[in-house]
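Working notes for the structure below.
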Amino acid sequence: AERLADAQRTLAQDEGDPPRTAVVDVANEASIAALFDAIPRVDHVLISAGTLGNGAIVKNDLETLRSIVDVRLWGVVHAVRHAAPKMTDGGSLTLMSGGISSRPRVGAAMFTSILSGVEALAPALALELAPVRVNCVTPGLVDTPLSNTGPDARARLDARAAALPGKRIGQPEDIAQVILMLMQNAYLTGEVIHVDGGGRFI
């Protein structure tokens, strides 16, 4: 399930058409190609699929490390390759990174390197794909069911929130607002936007 890109992704061909859903595996280019082959025109794409696990270089086998690259980097490449040609009137691609790109931690070296690579793709692709706009959102700690797992999860989140300059943990709506802004603002491209309550500065 970690490798599925938005299982409830809404696809609308034209205004007024009933919405459709599709399940795709971002690590499988054929799966991505089939999704976009069925869509005549693409306006905006958010590529947010990810994977969980340990990203330690030495303690993991190569298969595990390659799976991180397949989902977090090659998944972006697959989506861009098949979405961009459908964006004949401009539009936008929004990539998703993570706060660990600028705040490494023990056991996550592979994630840090790959997410930093995703951020580097935004300005490079903004030039390569112009007039299609390409930006990247880098969330910090966000209050989701995933972050609320484990013993004393709420207490740990509250403690981390108190240490942030923003003095609160992020909400999914905080991230969504920035994504929508990037889609709507036709003068923004090549940017990496950190939505982390100032977490990368402490």
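Small disclaimer: the values here were computed from a predicted structure and weren't measured.
- Note that CD1 of Ile100 is 12.0 Å distant from OG1 of Thr138, once rounded to the nearest 0.5 Å.
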- Message: Before you tell me yes or no, could you show the steps for Leu188 and Glu191 under side chain to side chain contact (heavy atoms under 4.5 Å, CB included), namely the whole-Å CA-CA distance, both residues' side-chain angles and the distance that decides it to 0.1 Å?
- Response: CA-CA 7 Å; Leu188 267 174; Glu191 295 295 334; 3.7 Å; yes
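- For the atom pair CD1 (Ile57) and CE (Met110), the distance works out to 5.0 Å, reported to the nearest 0.5 Å.
- Taking CD1 of Ile68 as the start and CD1 of Ile114 as the end, the distance is 8.0 Å to the nearest 0.5 Å.
- The shortest distance between side-chain heavy atoms of Leu182 and Ile193 falls below 4.5 Å.
- No continuous path of hydrophobic side-chain contacts links Leu115 to Phe201 [ILVMFWY only; heavy atoms under 4.5 Å].
- The number of heavy-atom neighbours closer than 6.0 Å to CG of Asp37, taken from other residues, nucleotides and ligands shown, is above 12.
- Checking Asp70 against Ser67 by side-chain atom types alone, no donor-acceptor pair falls below 3.5 Å.
- A donor-acceptor pair under 3.5 Å links the side-chain atoms of Asn60 to the main chain of Ala56, judged by distance alone.
- Here the straight-line distance linking atom OG of Ser48 with atom CD1 of Ile179 works out to 7.0 Å at 0.5 Å rounding.
- The neighbour count for Lys59 NZ, taken as heavy atoms of other residues, nucleotides or ligands under 6.0 Å away, does not exceed 12.
- Contact record, Ala83 with Leu93: CB-CD2, 4.2 Å, taken as the closest heavy-atom pair.
- At a threshold of 4.5 Å between non-hydrogen side-chain atoms, the residues Val142 and Ser147 do not count as touching.
- With rounding to the nearest 0.5 Å, the separation of CD in Gln184 from NE2 in His44 is 8.0 Å.
- More than 12 heavy atoms of other residues, nucleotides or ligands sit less than 6.0 Å from atom CZ of Arg156.
- Closest approach of Val42 to Ile39, counting heavy atoms only: CG2-CG2, 4.1 Å.
- Ile32 places a side-chain heavy atom less than 4.5 Å from the side chain of Val26.
- With values rounded to the nearest 0.5 angstrom, Ile169 atom CD1 is found 8.0 Å from Asp158 atom CG.
- Closest approach of Asn135 to Arg133, counting heavy atoms only: ND2-NH1, 3.9 Å.
- In this structure the side chain of Cys136 reaches within 4.5 angstrom of the side chain of Val118, judged on heavy atoms.
- Put simply, Met181 and Val192 are part of two different groups of oily side chains (I, L, V, M, F, W, Y) that touch within less than 4.5 Å, one to the next.
- In this structure the side chain of Ile47 never reaches within 4.5 angstrom of the side chain of Thr94, judged on heavy atoms.
- When atom types are taken as modelled, the side chain of Arg103 and the backbone of Ile202 share a donor-acceptor pair closer than 3.5 angstrom.
- Listed here is the closest heavy atom pair of Val137 and Ile175: CG1-CG2, 4.1 Å.
- In terms of heavy atoms, Val23 sits closest to Ser31 at O-OG, 4.4 Å.
- In this structure, Asp43 does not pair ionically with Lys86, as no charged nitrogen and carboxylate oxygen lie closer than 4.0 Å.
- At least one side-chain heavy atom of Phe36 sits less than 4.5 Å from a side-chain heavy atom of Val45.
- No path of Ile, Leu, Val, Met, Phe, Trp and Tyr side chains, each step under 4.5 Å between heavy atoms, connects Leu141 with Phe111, placing them in separate hydrophobic clusters.
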- Please walk me through it: do Val80 and Glu128 pass side chain to side chain contact (heavy atoms under 4.5 Å, CB included)? CA-CA 11 Å; Val80 168; Glu128 182 176 322; over 6 Å; no
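- Follow the hydrophobic side-chain contacts under 4.5 Å out from Trp74 and you reach Leu62 in the same cluster.
- Between Arg41 and Met87, the closest side-chain pair of non-hydrogen atoms is not below 4.5 Å.
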- Go through the steps for His194 and Ser97 under the test side chain to side chain contact (heavy atoms under 4.5 Å, CB included), then give the verdict. CA-CA 9 Å; His194 295 266; Ser97 178; over 6 Å; no
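- Under 4.0 Å is where a charged nitrogen must lie from a carboxylate oxygen, and between Asp143 and Arg154 at least one such pair does.
- Salt-bridge formation is detected for the pair Asp196/Arg200: a Lys NZ or Arg NE/NH1/NH2 atom is positioned less than 4.0 Å from an Asp or Glu carboxylate oxygen.
- The two residues Ser116 and Ser101 have their closest heavy-atom pair at OG-O, 3.3 Å.
- In this structure, the side chains of Leu73 and Leu121 come closer than 4.5 Å at one or more pairs of heavy atoms.
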